[in-house]
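What follows is a short report on a single structure.
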Amino acid sequence: MNDATKNLQDELKDSAHRIWLAGLGALAAAGDEGTKMFDRLVDRGREYESRGREEARKQYEGARSNADDLWKTFSEKLDESVTKALHRMGVPSRDEIHNLTRRVEELNAKVEMLKPRVTPAGTGEASPIVTPAGTPVTPGTSAPTQDTTDPSKIIA
């Protein structure tokens with residue numbers, strides 16, 4: 001081998017070795033920078049995660065609010081439909097039942113006022129009977145007639 005060929009081979013070896021060293025240096029730098037970059041990526045990931053959680057919470061609350069509104073609307077429509085159907089079948093409403101109950105209680109009170117007062121057996125004395133107008137009538141006498149000229153004194 002001549003000197004020129006040997007120099008060329010040495011130069012090639014030297015170049016290959018330098019390329020090898022450059023690759024190792026790049027790997028070492030990537031390792032150092034890679035750790036730093038990895039830490040930066042973790043920090044950015046944390047920021048993104050916290051923003052993502054907040055965004056997810058907002059979306060959840062919005063969806064929940066929409067669902068609540070839809071349920072309320074559906075419930076109201078269902079109540080209306082059921083009420084109409086019951087009304088068509090002749091079933092009275094809660095208010096109608098309440099009003100009828102109140103009127104029955106009023107009528108019962110008026111009936112109680114119309115009942116004659118009777119004394120317990122064995123006392124020998126008869127109690128006066130009270131008319132609807134509140135006038136006592138002693139047994140054996142006639143009850144006063146109702147004044148029909150004044151509508152407020154007529155008992156229904």
Side-chain angles (χ1 to χ4, degrees), residues 1-120 127 129-136 146-156:
M1 243 202 244
N2 65 22
D3 279 338
T5 309
K6 183 145 169 82
N7 279 346
L8 184 60
Q9 285 180 350
D10 287 342
E11 276 184 42
L12 285 176
K13 278 185 189 179
D14 188 45
S15 289
H17 188 255
R18 286 178 49 188
I19 291 171
W20 170 255
L21 291 176
L24 288 177
L27 184 60
D32 292 342
E33 290 300 315
T35 301
K36 291 176 187 176
M37 180 175 277
F38 180 80
D39 291 339
R40 283 194 306 262
L41 291 173
V42 167
D43 291 340
R44 288 185 68 188
R46 283 189 182 121
E47 291 171 12
Y48 185 76
E49 181 182 45
S50 67
R51 281 186 289 178
R53 282 185 184 164
E54 182 63 24
E55 184 63 29
R57 185 187 62 78
K58 287 178 184 176
Q59 287 179 357
Y60 166 76
E61 288 175 359
R64 181 176 164 199
S65 177
N66 288 342
D68 287 345
D69 291 345
L70 285 173
W71 180 253
K72 182 179 178 184
T73 301
F74 172 75
S75 179
E76 289 171 354
K77 296 291 184 187
L78 180 64
D79 286 348
E80 286 177 24
S81 296
V82 169
T83 300
K84 286 178 183 178
L86 291 173
H87 185 68
R88 281 192 302 267
M89 291 188 293
V91 176
S93 70
R94 180 182 299 150
D95 291 337
E96 291 171 328
I97 291 171
H98 177 72
N99 289 338
L100 287 173
T101 302
R102 184 182 45 77
R103 289 186 65 197
V104 167
E105 289 171 353
E106 289 172 359
L107 287 172
N108 280 338
K110 287 182 180 180
V111 166
E112 284 298 317
M113 287 176 34
L114 293 174
K115 285 184 180 177
R117 308 281 186 238
V118 178
T119 58
S127 296
I129 298 171
V130 178
T131 65
T135 310
Q146 227 180 52
D147 180 7
T148 57
T149 59
D150 185 0
S152 66
K153 294 184 180 179
I154 298 175
I155 297 178

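What you see is a predicted model, and the numbers here were worked out from it, not measured in a lab.
Residue E76 holds its CD atom at 11.0 Å from CG of L78, rounded to the nearest 0.5 Å. Distance CZ/R103 to CG/N99: 8.5 Å, rounded to 0.5 Å. With rounding to the nearest 0.5 angstrom, the CG atom of N7 is 11.0 Å from the CG atom of L12. Atom OG in S50 sits 12.0 Å away from atom CD in E55 (nearest 0.5 Å). In this structure, CD on E61 lies 11.5 Å from CG on D68, to the nearest 0.5 angstrom. With rounding to the nearest 0.5 Å, the separation of CZ in R88 from CG in L86 is 9.0 Å.
A donor-acceptor pair under 3.5 Å is formed between the side chain of E96 and the backbone N or O of S93. The closest donor-acceptor contact from the side chain of T101 to the backbone of I97 lies under 3.5 Å. Distance alone, capped at 3.5 Å, is enough to place a donor-acceptor pair between the T83 side chain and the D79 backbone.
Counted by atom type alone, T5 and N2 present one or more donor-acceptor pairs between their side chains at under 3.5 Å.
Contact annotation: the side chain of R57 never approaches that of R53 to less than 4.5 Å [non-hydrogen atoms, C-beta and beyond].
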| message | Does N108 form a side-chain contact (heavy atoms from CB on, under 4.5 Å) with E112? I'd like the steps, not just the answer. | response | CA-CA 6 Å; N108 280 338; E112 284 298 317; 5.6 Å; no

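Each of L41, T35, D39 was compared with M37 under the side-chain contact (heavy atoms from CB on, under 4.5 Å) criterion, and only L41 meets it.
Residues R51 and E54 are not paired through a salt bridge, judged by the lack of any N-O separation under 4.0 Å between the basic side chain and the carboxylate. Between D10 and K13 no salt bridge is recorded (no basic side-chain N to carboxylate O distance below 4.0 Å). Ionic pairing of K110 and E106 is not present here: no N-O contact between side-chain nitrogen and carboxylate oxygen is shorter than 4.0 angstrom.
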